[in-house]
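Presented below is the structure to which this report refers.
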Amino acid sequence: MSDSEFFLASSTRAIVGMDDAVHLLEQKERVEQSVVAKDAALTLDTAKSFLESVFKTILSDRIEGPNLEQDMSPLYRNVRDVLPLNRDADVANILKRLTNSVVHNVAELRNNYGAASHGDDGFYENPIDMVEAKMIAHFVDGMTGFLIQKHRETGDPELAARIYYNDHSEFNDYLDAQRDSYEIVMEEDRTITLTPSYLLFTADEDAYRELLVQYLTAKKEEEVEVETVVETEALTEKAAEVLPEIAEIPVEEGIQQIKASILVSDEARMSVNNNELQYLAEWVIDFAKNKAGIDWQNRDSLRARFRTLLRREFIKVTFSEAFMDYALDSVIEMAAELYPSRMEAIE
């Protein structure tokens, strides 16, 4: 990188998607510009201001009505109170001491040697050279990048005072798969495409947040159930050897019955073609027999997981939403009837 360029790489990567945080972006650019201008005293000023802005942004995102009129050290103590630095207590304590030192010394250097800290006589020579000022800028870059990334990774949308659209790309894709995007034709044949998720976020952030929380809750439950299934299958691997066999339903017969359970109405019948119907029936049978988990027919949590994953398959084939819940219940009941639990036969 030439002397005419300077880039805060860590913080720049961390704030990708925070396009509305204009002041924060400006603060970062001021640090970069002061280094390019080789103004050591101004670099200290802008580095401290950038760090302070990051603290205030995190606090404003996480709590209602934070006290932002504090000095650097009290501000950072508040940040530590609401932002876990690490899941391990010992590591978190080490990171606390390290970052406390950065905050204290950046503030002290700026107060003693910054451009706007105080006036000196006309022959005063600042002892801070650019090599030290650039080092401070890198320290601040590393810390701000770490804090912003940690903040965004551990943010709870149900509790956060502010959420960011680009932090939830998987959820956005989930919403967009269920509705068509909207296209606006502009002048000169230019078209702007607006996705359903973005429209919901901008028009009704509270509704977006509510659906997001529901989605994340379901996903978390699903992940827990996957772990449970793996553990259960491992624990029952030997037991399965002595479980009684149950006569298998011929595959074609099973497919036909699952198809019938899917087509709960004429409208539902019109929303899927034969290939899609065949795909759904085969998916259900494979999942019920091989992936749903031991005794899924009698475990509410595993049935709920089955239903969640099956819903995703229904969405993929654009099944009629008006009859989706009814069809899901019908299909799972049929699958349980076709493939009963072998555990029941032991009792």
Side-chain angles (χ1 to χ4, degrees), residues 8-32 46-87 91-92 95-96 98-100 102-104 106-107 139-175 195 197-217 219-220:
L8 297 178
S10 179
S11 54
T12 298
R13 286 193 297 269
I15 62 180
V16 169
M18 297 173 61
D19 299 334
D20 293 337
V22 176
H23 180 68
L24 192 63
L25 296 170
E26 290 176 345
Q27 292 284 59
K28 180 187 77 73
E29 291 172 0
R30 288 190 183 105
V31 180
E32 295 169 338
T46 55
K48 175 181 178 291
S49 295
F50 181 39
L51 193 55
E52 198 169 20
S53 290
V54 170
F55 296 164
K56 293 180 178 181
T57 300
I58 292 173
L59 291 173
S60 297
D61 282 355
R62 287 185 171 248
I63 59 178
E64 292 285 351
N67 179 10
L68 304 182
E69 302 303 321
Q70 305 178 80
D71 292 334
M72 283 277 284
S73 292
L75 268 179
Y76 185 53
R77 280 198 297 271
N78 289 348
V79 170
R80 293 200 321 266
D81 288 342
V82 298
L83 180 66
L85 299 182
N86 191 272
R87 63 182 179 274
V91 174
L95 291 174
K96 170 186 170 181
L98 175 62
T99 52
N100 281 348
V102 172
V103 171
H104 172 76
V106 166
F139 280 154
V140 168
D141 179 41
M143 182 169 172
T144 55
F146 164 73
L147 291 176
I148 294 171
Q149 184 172 348
K150 182 69 69 171
H151 166 55
R152 297 180 72 177
E153 288 177 351
T154 60
D156 184 343
E158 188 170 14
L159 302 176
R162 179 166 53 201
I163 58 176
Y164 297 94
Y165 174 77
N166 289 320
D167 281 354
H168 307 288
S169 57
E170 183 177 330
F171 171 65
N172 295 336
D173 291 342
Y174 168 75
L175 286 183
T195 62
S197 59
Y198 184 74
L199 284 172
L200 179 61
F201 180 82
T202 54
D204 191 341
E205 186 176 315
D206 288 339
Y208 177 93
R209 185 195 299 265
E210 182 179 351
L211 289 175
L212 172 61
V213 170
Q214 292 176 9
Y215 174 82
L216 293 177
T217 300
K219 182 180 178 183
K220 185 175 181 180

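Just so it is clear, the structure is predicted and the values come from calculations on it, not from any experiment.
- Counting only residues at least two apart or in different chains, ring-ring contact (aromatic ring centres under 6.0 Å, His included) contacts with residues 53-76 comprise Phe55-Tyr76.
- In this structure, the side chains of Tyr208 and His168 come closer than 4.5 Å at one or more pairs of heavy atoms.
- The closest donor-acceptor contact from the side chain of Asn172 to the backbone of Ser197 lies at 3.5 Å or more, if one exists at all.
- Note that the CD1 atom of Ile148 and the OG atom of Ser10 stand 8.0 Å from one another [nearest 0.5 Å].
- Between the side chains of Asp141 and Ser11, at least one donor N or O sits under 3.5 Å from an acceptor N or O.
- In this structure, OG1 on Thr46 lies 12.0 Å from CD on Glu29, to the nearest 0.5 angstrom.
- Expressed to the nearest 0.5 Å, how far OH of Tyr174 lies from CG of Leu211 amounts to 8.5 Å.
- Between atom CG of residue Leu51 and atom OG1 of residue Thr99 there is a gap of 9.5 Å, rounded to the nearest 0.5 Å.
- Residues Gln27 and Ser53 bring a donor and an acceptor atom of their side chains to less than 3.5 Å of each other.
- Rounding to the nearest 0.5 Å gives a distance of 9.0 Å between CZ of Phe139 and CG of Leu98.
- Between the side chain of Arg80 and the backbone N or O of Lys96 there is no donor-acceptor pair closer than 3.5 Å.
- Tyr165 and Tyr198 have perpendicular rings, their planes meeting at more than 60° on a 0 to 90° scale where under 30° would count as parallel.
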**Request:** Show the numbers, then the answer: is there a side-chain contact (heavy atoms from CB on, under 4.5 Å) between Glu32 and Thr12?
**Result:** CA-CA 11 Å; Glu32 295 169 338; Thr12 298; 4.0 Å; yes

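- A donor-acceptor pair under 3.5 Å links the side-chain atoms of Thr202 to the main chain of Leu199, judged by distance alone.
- In this structure, CZ on Phe50 lies 10.0 Å from NE2 on His23, to the nearest 0.5 angstrom.
- For Leu25 against Ile15, the heavy-atom pair with the smallest separation is CD2-CD1, 3.2 Å.
- Under the 3.5 Å distance criterion, the side-chain polar atoms of Gln70 are matched with a main-chain donor or acceptor of Asn67.
- What you find for Phe146 and Leu95 is that their closest heavy atoms are CZ-CD1, 4.2 Å.
- Residues Leu85 and Leu147 form a side-chain contact, since some pair of their non-hydrogen atoms from C-beta on lies under 4.5 Å apart.
- The side-chain hydrogen bond (donor to acceptor under 3.5 Å, both in side chains) search around His151 returns Asp61, Arg62, not counting sequence neighbours.
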**Asked** Where do Thr57 and Val54 land on the side-chain contact (heavy atoms from CB on, under 4.5 Å) test, with the steps shown first?
**Response** CA-CA 5 Å; Thr57 300; Val54 170; 5.6 Å; no

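- You'll find the side chain of Leu68 reaches within 4.5 Å of the side chain of Ser60, heavy atoms only.
- Proximity of Leu8 to Val140: side-chain heavy atoms (C-beta onward) are nowhere separated by under 4.5 Å.
- Contact between Arg152 and Ala14 at its shortest, heavy atoms only, is NH1-O, 2.8 Å.
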